[in-house]
Amino acid sequence: QVQLVESGGRLVQPGGSLRLSCAASGFTVSRYHMGWFRQAPGKERDFVSSIRWNDGSTYYSNSVEGRFTISRDNAKNTVYLEMNSLKPEDTAVYYCAAGRNEFNYWGQGTQVTVSS
């Protein structure tokens with residue numbers, strides 16, 4: 001059974017850093033495209049970042065490019081999202097996703113709040 005469990009979200013001050021984790025079970029992250037999405041209150045779920053399974057290429061939305069870094073630990077079967085220089089507009093529930101041709105497996109989300 002495929003399962004994705006996010007963790008690491010919390011309240012952080014503007015300019016701070018966080019690392020989100022996505023622990024996968026039931027499949028191997030190195031064989032799936034892995035991604036992070038986020039949804040702010042009253043808004044649609046938006047793409048944040050992804051990493052391709054075959055060549056490790058990474059992609060970022062314009063709003064997080066240069067501040068966030070996605071990575072993958074195959075030994076731990078876990079994907080990470082390192083977030084730096086956090087802004088209040090980064091406040092959202094962050095979701096981990098996995099898939100082969102599209103993202104069709106989702107975690108339950110972890111709340112990130114950026115506020116002073």
Side-chain angles (χ1 to χ4, degrees):
Q1 181 180 355
V2 172
Q3 190 172 16
L4 298 169
V5 179
E6 303 97 331
S7 61
R10 62 175 175 85
L11 173 65
V12 62
Q13 291 189 344
S17 298
L18 277 180
R19 187 178 78 161
L20 304 184
S21 300
C22 172
S25 59
F27 72 101
T28 303
V29 297
S30 62
R31 296 298 186 97
Y32 279 70
H33 299 309
M34 300 297 298
W36 287 95
F37 291 74
R38 67 186 182 186
Q39 187 169 21
K43 296 187 177 181
E44 295 184 349
R45 188 175 299 187
D46 291 329
F47 169 79
V48 175
S49 180
S50 65
I51 182 168
R52 291 172 60 90
W53 73 269
N54 50 343
D55 61 5
S57 296
T58 57
Y59 303 89
Y60 299 93
S61 67
N62 290 337
S63 60
V64 308
E65 179 83 47
R67 300 188 298 122
F68 291 10
T69 303
I70 189 171
S71 63
R72 183 177 66 202
D73 186 331
N74 295 337
K76 295 183 177 180
N77 213 35
T78 298
V79 175
Y80 302 98
L81 185 67
E82 187 76 34
M83 306 186 295
N84 298 311
S85 303
L86 283 162
K87 306 174 182 179
E89 50 264 43
D90 294 318
T91 295
V93 177
Y94 283 72
Y95 296 91
C96 178
R100 286 296 185 91
N101 297 312
E102 61 183 26
F103 291 111
N104 45 21
Y105 298 110
W106 295 84
Q108 83 290 344
T110 185
Q111 176 70 49
V112 172
T113 303
V114 184
S115 175
S116 55

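The first residue of the sequence shown is numbered 1, and numbering continues consecutively from there. Atoms considered below: every heavy atom in the structure, side chains included; atoms not considered: hydrogens, waters and symmetry mates. Just so it is clear, the model here is predicted, and its values are computed rather than measured.
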Asks: Find the distance between CD (Glu44) and CZ (Phe47) and round it off to the nearest 0.5 Å.
Replies: 16.0 Å

Asks: Does any N or O in the side chain of Gln1 come within less than 3.5 Å of the main-chain N or O of Gly26, such that one atom is a donor and the other an acceptor?
Replies: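 Not confirmed, Gln1 side chain does not pair with Gly26 backbone.
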
Asks: Ignoring hydrogens and angles, tell me if any N or O in the side chain of Asp90 forms a donor-acceptor pair with the backbone of Lys87 under 3.5 Å.
Replies: yes

Asks: Under 3.5 Å, is there a donor on one side chain and an acceptor on the other for Ser61 and Ser63?
Replies: yes

Asks: Taking all non-hydrogen atoms of both residues, which atom of Ala40 and which atom of Ala92 are closest, and how far apart?
Replies: N-CB, 3.8 Å

Asks: So, do His33 and Ser50 sit near enough that their side-chain heavy atoms are less than 4.5 Å apart?
Replies: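 No. Closest side-chain heavy atoms not under 4.5 Å.
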
Asks: Search all heavy atoms of Ser116 against all heavy atoms of Pro14 and return the closest pair with its distance.
Replies: N-CD, 3.7 Å

Asks: Quick check against the 3.5 Å criterion: does Asp73 have a side-chain atom that pairs as donor or acceptor with the backbone of Thr78?
Replies: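 Side chain of Asp73 to backbone of Thr78, a donor-acceptor pair under 3.5 Å: no, none is there.
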
Asks: Between Arg38 and Asp46, is there a donor-acceptor pair closer than 3.5 Å when you use the side chain of the first and the backbone of the second?
Replies: no

Asks: Could you give all pairs that pass the salt bridge (Lys or Arg N to Asp or Glu O under 4.0 Å) test and reach residues 47-65, with sequence neighbours left out?
Replies: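 Found Arg52-Asp55.
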
Asks: Tell me the side-chain hydrogen bond (donor to acceptor under 3.5 Å, both in side chains) pairs involving residues 7-31, sequence neighbours left out?
Replies: Ser17-Asn84

Asks: From the options Leu20, Val5, Val93, Leu18, select the one residue that forms a side chain to side chain contact (heavy atoms under 4.5 Å, CB included) with Thr110.
Replies: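 Of the listed residues Leu20, Val5, Val93, Leu18, the side chain to side chain contact (heavy atoms under 4.5 Å, CB included) partner of Thr110 is Leu20.
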
Asks: What distance do Trp106 atom CH2 and Cys22 atom SG have between them, rounded to the nearest 0.5 Å?
Replies: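 Going from CH2 on Trp106 over to SG on Cys22, the span is 11.0 Å.
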
Asks: Please tell me whether Phe37 and Tyr95 form a close aromatic pair, meaning their ring centres lie under 6.0 Å apart.
Replies: no

Asks: Nearest 0.5 Å please: distance from the OG atom of Ser57 over to the CD1 atom of Ile70.
Replies: 11.5 Å

Asks: With side-chain contact (heavy atoms from CB on, under 4.5 Å) as the test, would you mind laying out the steps for Met83 and Val48 before giving the verdict?
Replies: CA-CA 11 Å; Met83 306 186 295; Val48 175; over 6 Å; no

Asks: Pick out which of Phe103, Phe27, Trp53 makes a ring pair (Phe, Tyr, Trp, His ring centres under 6.0 Å) with Tyr32.
Replies: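 So the option named by the test is Phe27.
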
Asks: For the pair Tyr60 and Thr69, evaluate side-chain contact (heavy atoms from CB on, under 4.5 Å) and give the outcome as yes or no after the intermediate values.
Replies: CA-CA 8 Å; Tyr60 299 93; Thr69 303; 3.8 Å; yes

Asks: Establish whether Val2 and Ile51 are linked, either directly or via other cluster members, by ILVMFWY side-chain heavy-atom contacts under 4.5 Å.
Replies: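 Shared cluster, yes.
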
Asks: Give a yes or no on whether the backbone of Thr91 and the side-chain of Thr113 come within a donor-acceptor separation of less than 3.5 Å.
Replies: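 A pair under 3.5 Å: no.
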
Asks: Could you check, using the six-membered ring where one of them is a Trp, whether Trp36 and Phe68 have ring centers closer than 6.0 angstrom?
Replies: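 For Trp36 and Phe68, the ring centres are not under 6.0 Å apart.
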
Asks: Could you walk me through whether Met34 and Leu4 pass the side-chain contact (heavy atoms from CB on, under 4.5 Å) check?
Replies: CA-CA 11 Å; Met34 300 297 298; Leu4 298 169; 4.1 Å; yes

Asks: Report the C-alpha distance between Ser71 and Glu82 in whole Å, list the side-chain angles of each, state the deciding distance to 0.1 Å, and finish with yes or no for side-chain contact (heavy atoms from CB on, under 4.5 Å).
Replies: CA-CA 8 Å; Ser71 63; Glu82 187 76 34; over 6 Å; no

Asks: Compare every heavy atom of Asn104 with every heavy atom of Gly99, then report the nearest pair and how far apart it is.
Replies: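 Taking every non-hydrogen atom into account, CA-OD1, 3.8 Å.
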
